[in-house]
Amino acid sequence: MTSLQPIRGTHDILPDEYPRFAHVVEAARAVTRLYGYREMATPVFETTEVFARTSGETSDVVMKQMYSFVDRGGDPLTLRPEYTAGICRAFITNGQQQNVPFKVFAWGPMFRYERPQKGRYRQFYQLDIEVIGSPEPGADVEVIAVGADILDRLGVLKDCVLELNSLGDSESRAAHRKVLIDYFKAHEARLSEDSKSRLERNPLRIFDSKDEGDRALLPNAPLLKEYLTSSAQGFFAGVLRGLDDMGIAYRVNPHLVRGLDYYTHTAFEFVTTNLGAQGTVLAGGRYDGLIEQLGGPPTPGIGWAAGIERLMMLAGAPESAPRPVALVPLGEAAERKALSLARDLRRRGIAVELDYKGNMKRRLQRANKAGARAAVILGDNELAKGVAAVKDLDKGEQKEVALAALAEALSG
RNA sequence: GCGAAUGUAGCUCAGUUGGUUUAGAGCAUCGGAUUGUGAUUCCGGGGGUCGCGGGUUCAAAUCCCGUCAUUCGCCCCA
């Protein structure tokens with residue numbers, strides 16, 4: 001099969017659409033810079049181990065969503081399904097322990113083998129920030145604030161709700177997990193099929209279930225928050241206090257869980273109802289054990305990821321690019337003169353459209369379509385006088401300008 | 001992985017219960033009216049394996065089966 005169809009779940013970003021994409025990245029870049037984050041990038045693929053070990057062997061991402069393959073050298077590799085693991089790997093292998101807190105911003109394509117639908121692709125783009133090496137609740141607050149500010153800059157914060165929860169430390173989670181499984185096991189017959197499979201995998205997920213039978217069991221189910229150690233409780237209280245101090249609105253959702261196993265303490269997501277079934281716009285949490293799992297020294301971390309396509313769907317159109325001027329030479333002498341003239345104007349920072357062929361009518365039509373603000377008409381008459389006819393394409397007014405004064409006349 | 005809907009020109013769509021020998025429209029595109037002036041108008045041109053494959057029929061864009069893709073939902077997630 002040599003079909004030219006794009007791979008399922010992939011999509012092209014054509015020039016008409018790209019400014020919206022760039023607008024999202026620019027907003028994130030600007031805000032993260034204000035908070036002292038530095039931009040970086042990592043490879044789009046890693047050894048499979050990097051993702052398998054960190055995301056959790058039983059997570060959906062590892063079990064069925066990874067694009068994995070064996071390369072010619074026989075190594076098992078995987079296209080990154082998320083950014084955090086790769087950045088942590090980079091932190092370790094580049095010896096950045098001396099650089100904590102390691103505050104970074106990154107963006108790029110991610111790959112997940114899923115059924116595509118609105119706001120969900122197999123190759124999609126994410127924004128990502130991480131703070132590695134800060135164990136304080138203040139880091140959680142800052143990371144959330146960065147997310148809120150980016151959403152605000154894009155004009156979508158007002159359509160989002162920040163939900164958060166504490167997943168506690170590993171001690172809290174282990175204790176709770178045990179009671180929770182016992183509780184649901186006792187009522188296993190009433191659980192939905194989905195929840196039965198969630199039981200061993202990620203019992204917390206059952207709290208999210210939409211199934212009637214599952215929901216009936218929830219009121220009496222043991223809540224994680226009752227099993228939080230006092231230090232975990234204190235940590236979460238610190239995060240909430242910081243959000244209050246910053247004036248960031250939130251809703252504590254005791255049922256909030258994350259899909260990746262490495263999260264501890266704070267888990268949060270900005271959700272919207274404007275995206276159909278894919279309500280999550282920006283989500284993340286703390287992952288204090290992750291670096292150690294990867295083979296690094298015990299190092300805390302926190303971060304989030306946001307789907308660029310989802311943000312594009314919510315955000316308004318960016319400001320349009322500066323309008324060019326169109327050069328319209330008539331005749332061979334003028335066409336030759338136009339080459340150097342166009343280059344000179346461009347060097348002075350003026351965007352110039354210059355067609356390679358066509359009569360005047362044709363070129364003016366193209367100038368119009370290119371959104372040009374003015375046409376610079378250059379024919380034998382003008383050349384002889386050392387001027388150009390500059391036509392304002394909005395007003396329709398035309399006047400003669402000396403070639404030497406052209407750049408100045410067009411800068412205004 | 002599961003369920004449902006939809007695939008006709010570059011785009012948006014029409015195509016009546018299968019039946020008028022070349023499958024239509026608008027927009028877009030190209031050319032001309034106007035070889036030195038961009039809205040508009042007028043005239044004309046190009047562009048279609050009717051998603052793909054098979055089947056039923058005298059006859060299929062239309063009915064049936066399969067397949068691929070898209071969309072929506074479930075699962076899950078950004």
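Below, read A as the first sequence line, B as the second, and so on, with proteins coming before strands; counting in each chain starts at 1. Side-chain atoms are counted along with the backbone in the values below, which use heavy atoms only and exclude waters and symmetry mates.
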| request: Run the salt-bridge test on A/D344 and A/R348 with the 4.0 Å N-O cut-off and return the result as yes or no. | output: yes

| request: Give the rounded distance in Å between these two atoms: CZ of A/R120 and P of B/rU70. | output: 13 Å

| Sugar-phosphate, base or nothing in reach of A/V281, heavy atoms under 4.0 Å | sugar-phosphate

| field | P-based separation of B/rG38 from B/rG31 [nearest Å] | value | 15 Å

| request: Grab the two heavy atoms, one from A/F184 and one from A/A221, that are nearest each other, plus how far apart they are. | output: CZ-CB, 4.2 Å

| message | Can you confirm whether the side chains of A/Y287 and A/Q293 place a donor and an acceptor under 3.5 Å from each other? | response | no

| Among A/E17, A/R122, A/E309, the one residue meeting side-chain hydrogen bond (donor to acceptor under 3.5 Å, both in side chains) with A/H11 | A/E309

| Say you pick atom P in B/rA60 and the same atom in B/rG19; how far apart are they, in whole Å? | 11 Å

| request: Can you tell me the distance, in whole Å, between the CZ atom of A/F124 and the P atom of B/rC76? | output: 17 Å

| task | Decide, yes or no, whether a salt bridge links A/R323 with A/D394 under the criterion of side-chain N to carboxylate O below 4.0 Å. | result | yes

| message | I'd like to know if the side chain of A/K337 and the backbone of A/P329 have a donor-acceptor N/O pair within less than 3.5 Å. | response | no

| message | Return a single string for nucleotides 31-46 of chain B, one symbol per nucleotide in 5' to 3' order, where B is base contact, S is sugar-phosphate-only contact and - is none, cutoff 4.0 angstrom on heavy atoms. | response | S----BBB--------

| task | Between B/rC63 and B/rC27, how far apart are the P atoms? Round to whole Å, please. | result | 30 Å

| Whole-Å distance between B/rA78 P and A/F51 CZ? | 14 Å

| task | With sequence neighbours excluded, tell me which residues meet ring pair (Phe, Tyr, Trp, His ring centres under 6.0 Å) with A/F235. | result | A/H265

| query | So what does A/A283 hit on the nucleic acid, given a heavy-atom distance under 4.0 Å: a base, only sugar-phosphate, or nothing? | reply | sugar-phosphate

| field | Partner of A/F270 by side-chain contact (heavy atoms from CB on, under 4.5 Å), out of A/I150, A/T280, A/V161, A/L157 | value | A/L157

| field | Euclidean distance for P, B/rG48 against B/rC43 (whole angstrom) | value | 24 Å

| Between P of B/rC75 and CD1 of A/I206, the distance in whole Å | 13 Å

| For RNA chain B, which ranges pair as stems of 3 or more consecutive Watson-Crick or G-U pairs, with both donor-acceptor distances under 3.5 Å? | B:1-7 with B:68-74, B:10-13 with B:24-27, B:29-33 with B:41-45, B:51-55 with B:63-67

| message | Whole angstroms only, please: what is the CZ-C1' distance between A/F105 and B/rA78? | response | 14 Å

| Separation of atom CD in A/Q65 from atom C1' in B/rA78, rounded to whole Å | 11 Å

| What is the distance from CD of A/Q117 to P of B/rC2, rounded to the nearest Å? | 15 Å

| said: Could you check whether any side-chain heavy atom of A/E49 comes within less than 4.5 Å of a side-chain heavy atom of A/T78, counting everything from C-beta outward? | reply: no

| query | So what does A/G9 touch, heavy atoms closer than 4.0 Å: a base, only the sugar-phosphate, or nothing? | reply | sugar-phosphate

| request: Please determine if a side-chain N or O atom of A/R8 lies less than 4.0 Å away from the OP1 or OP2 oxygen of B/rC68. | output: no

| Whole-angstrom distance between B/rC64 and B/rC13, as gauged at atom P | 23 Å

| task | Could you check A/R122 against A/T10 and say which one's nearest nucleotide on RNA chain B is further toward the 5' end? | result | A/T10

| message | Under the rule for side chain to side chain contact (heavy atoms under 4.5 Å, CB included), what residues qualify as partners of A/R29, not counting sequence neighbours? | response | A/V25, A/E26, A/R33, A/E39, A/F105, A/W107

| message | Mind checking if A/R363 touches a base, just sugar-phosphate, or nothing, with heavy atoms under 4.0 Å? | response | nothing

| Can A/Q123 and A/Y125 be counted as having a side-chain donor-acceptor contact under 3.5 angstrom? | yes

| Touch class at under 4.0 angstrom, heavy-atom based, for A/Y121 against every strand present | base

| said: Looking at A/Y83, I'd like to know if the NZ or CZ of A/R80 sits under 6.0 Å from its six-membered ring centre while staying within 45 degrees of the ring's axis. | reply: yes

| query | If we take the P atom in both B/rG53 and B/rU21, what is their distance in whole Å? | reply | 23 Å

| task | List for me each residue that meets side chain to side chain contact (heavy atoms under 4.5 Å, CB included) alongside A/D75, sequence neighbours excluded, and say none if there are none. | result | A/D71, A/L77

| request: Using the C1' atom as the reference point in each nucleotide, state the distance between B/rC50 and B/rU22 in Å, no decimals. | output: 15 Å

| task | Could you run through nucleotides 3-9 of chain B and give me one letter per nucleotide, 5' to 3': B if any protein heavy atom sits under 4.0 Å from the base, S if only the sugar-phosphate is that close, - if neither? | result | B------

| request: Could you measure between the two P atoms, the one in B/rA5 and the one in B/rA59, and give it in whole Å? | output: 30 Å

| task | Please report, rounded to the nearest Å, how far the P atom of B/rA78 is from the CD atom of A/Q123. | result | 17 Å

